[in-house]
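Encoded as C-alpha cells, the structure appears first; notes follow it.
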Amino acid sequence: MNFWLMKSEPSVYSIDDLARDGKTPWTGVRNYQARNFMRDAMRVGDRVFFYHSSADPAGIAGLARVASGPYPDPTQFDARNEYFEPRAKRNAPVWVLVDIAFDQKIEPLVTLEQIRAEPALAGMLLLKRGQRLSIQPVEPVHARILLRLIDTRCA
DNA sequence: GCCAACGTTGGC
DNA sequence: GCCAACGTTGGC
C-alpha cells in the first residue's frame with residue numbers, strides 16, 4: 001500500500017465536500033505527472049492525505065483512500081466544461097482519474113507550518129521549493145510521522 | 001494581489 | 001530541439 005498527498009482548494013472542493021459525498025471522481029487534473037501517478041501507480045486502498053491548498057491555513061485536512069482504478073476523466077469530453085480537452089477522443093482519452101473515498105476529517109488540520117516545524121518531515125516533496133504538483137507520493141516514513149501527528153490531535 | 005517557480009506552447 | 005513568452009500554482 002502506498003501513501004499519497006492530493007491537493008484541493010477548499011473553496012472548490014473541501015474535505016467537508018468529500019465527507020458529504022463519501023466518494024468522488026478526482027476530476028480536473030491537467031498535469032501529466034499527476035495523471036501518471038493516478039494511471040500507473042495508484043492502487044485501490046492506497047491512503048491519501050487530503051491537503052487544502054490556497055487556504056488559510058493550508059494543511060492536511062483529512063484522510064481518504066483510493067477507491068477505484070484509473071478511468072477516463074469525463075470532463076475532458078464536455079465542450080462546456082472548463083476542463084474540456086479538444087484532443088481527447090472517447091476511444092483515446094488524454095486524462096484519467098481515480099475515485100477518492102472519504103476516511104476521516106482532521107480537525108484542526110495539520111498546518112503547513114506544523115509540517116515544516118517537524119524535522120523528520122523535512123524531506124517531504126510538499127516542502128520542496130517550487131513544488132506545485134497536485135498529486136504527490138508520500139514516503140512511508142513521512143506518512144507514519146504524519147499519522148502520528150494526526151492521532152495525537154484526534155485522540 | 002504579489003511574485004517565484006515551474007510547465008506548456010509555439011516560432012524558428 | 002531550443003528557448004522565450006505565456007499561463008498556472010500556491011504561499012504569503
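Each chain gets a letter, A, B and so on, in the order its sequence line appears, and its residues count up from 1.
If you check the side chains of A/Thr75 and A/Arg30, you find a donor sitting under 3.5 Å from an acceptor.
Under 4.0 Å is where a charged nitrogen must lie from a carboxylate oxygen, and between A/Arg43 and A/Asp46 no such pair does.
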Trace of the ring pair (Phe, Tyr, Trp, His ring centres under 6.0 Å) decision for A/Tyr32 with A/Trp95: CA-CA 8 Å; A/Tyr32 289 106; A/Trp95 304 109; 4.8 Å; yes
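Ring geometry for A/Tyr13 versus A/Phe50: interplanar angle of 30 to 60°, hence tilted.
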Give me the distances for all protein-to-nucleotides 5-12 of chain C N/O pairs that come in under 3.5 Å?
unit_1 : atom_1 : unit_2   : atom_2 : d
C/dT8  : O2     : A/Arg132 : NH1    : 2.7
C/dT9  : O3'    : A/Arg132 : O      : 3.3
C/dG10 : OP1    : A/Lys7   : NZ     : 2.8
C/dG10 : OP1    : A/Arg132 : O      : 2.5
C/dG11 : OP1    : A/Tyr51  : OH     : 2.8
C/dG11 : OP2    : A/Ser54  : N      : 2.9
C/dC12 : OP1    : A/Arg116 : NH1    : 3.0

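Under the side-chain contact (heavy atoms from CB on, under 4.5 Å) criterion, A/Ser68 pairs with A/Tyr71, A/Val98, A/Asp99, sequence neighbours left out.
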